[in-house]
Amino acid sequence: MSKPVVGIVMGSSSDWPLVKKACDTLDKFSVAYETRVISAHRTPEEAIEYSKSAEGRGLKVIIAAAGGAAHLGGVLAAGTVLPVIGIPVAGGALNGLDALYATVQMPGGVPVATVAVGSAGPVNAALLAVQILGTADEELRAKFHEHKKELKDKVVKMNDEIHA
């Protein structure tokens, strides 16, 4: 497999079933990635070390999935110049609202792009990573054009089916 260009970090292994959707999406585009379980609160030194070393290891985008207080994306963004995409994970007493608020309320100067709570989140995070990478990779951008065409064709087919 190629050298990873996307780092996918989740705060807990319980996030894996959701995060796997991001991996599956990156696989569709043949984008190499690595996965890690790192907690912003339980292993903060590892989170900072991961983000500080990411650029030197060849990563170009980091995806961070976390629930609850969801500080993982912000901690990773604090230690790198790479784009960080946050996936707020639903669960807990507030069913992901706390994770959403924590992920979107980053202070000025520490951006974390935020995608949807729920099953669309990891897919969109991976697609956003592909779009970012595609700005410097024509082949990947062409694959994304094809993906958009497939989405359009799917909707046209659904429309045709209900009008048949």
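All of these numbers come straight from a predicted model, not from anything done at the bench.
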Contacts table for residues 153-164: side-chain donor-acceptor under 3.5 angstrom, sequence neighbours left out:
residue, atom, partner, partner atom, Å
D153, OD2, K149, NZ, 2.8
N159, OD1, H163, ND1, 3.1
H163, ND1, N159, O, 2.8

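- Taking the side chain as every heavy atom from C-beta outward, Y50 and L59 approach each other to under 4.5 Å.
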Just list the side-chain donor-acceptor pairs under 3.5 Å for residues 68-89, sequence neighbours left out, or say none.
residue, atom, partner, partner atom, Å
H71, ND1, H41, NE2, 2.7
T80, OG1, L82, N, 3.1

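- Residues A65 and V19 approach most closely at CB-CG2, 3.5 Å, considering heavy atoms.
- One finds the SG atom of C23 at 11.0 Å from the CD atom of E34 (value rounded to the nearest 0.5 Å).
- Linking Ile, Leu, Val, Met, Phe, Trp and Tyr whenever their side-chain heavy atoms come within less than 4.5 Å leaves V110 and V61 in two separate clusters.
- Scanning for salt bridge (charged side-chain N to carboxylate O under 4.0 Å, His left out) contacts around D24 gives K20, with sequence neighbours left out.
- Using a 4.5 Å heavy-atom threshold, the side chains of W16 and V37 count as separate.
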Show me, pair by pair, the donor-acceptor contacts under 3.5 angstrom made by side chains of residues 5-15, not counting sequence neighbours?
residue, atom, partner, partner atom, Å
S12, OG, S14, N, 3.2
S12, OG, S14, OG, 3.0
D15, OD2, G11, N, 3.4
D15, OD2, S12, N, 3.3

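- Checked against side chain to side chain contact (heavy atoms under 4.5 Å, CB included), S30 has the following partners two or more places apart in sequence or in another chain: K143.
- When all heavy atoms of S2 and A32 are compared, the pair lying nearest together is O-CB, 3.5 Å.
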Output a table of donor-acceptor pairs, distance under 3.5 Å, between side-chain atoms of residues 122-140 and any protein atom two or more places apart or on a different chain; print 'none' if there are none.
residue, atom, partner, partner atom, Å
T135, OG1, I132, O, 2.7
D137, OD1, E139, N, 3.1
D137, OD1, L140, N, 3.0

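- In the hydrophobic clustering of this structure, I38 groups with I62; members are Ile, Leu, Val, Met, Phe, Trp, Tyr whose side-chain heavy atoms approach within less than 4.5 Å, directly or through other members.
- Y101 is connected to L94 through a chain of hydrophobic side-chain contacts under 4.5 Å among Ile, Leu, Val, Met, Phe, Trp and Tyr, so both are in one cluster.
- Atom CG of L100 sits about 8.5 Å away from atom CD of Q105, to the nearest 0.5 Å.
- Interatomic distance, CZ of R57 versus NZ of K52, reported as 14.0 Å (0.5 Å rounding).
- The pair E46-R36 does not count as a salt bridge, with every side-chain nitrogen at least 4.0 angstrom from each carboxylate oxygen.
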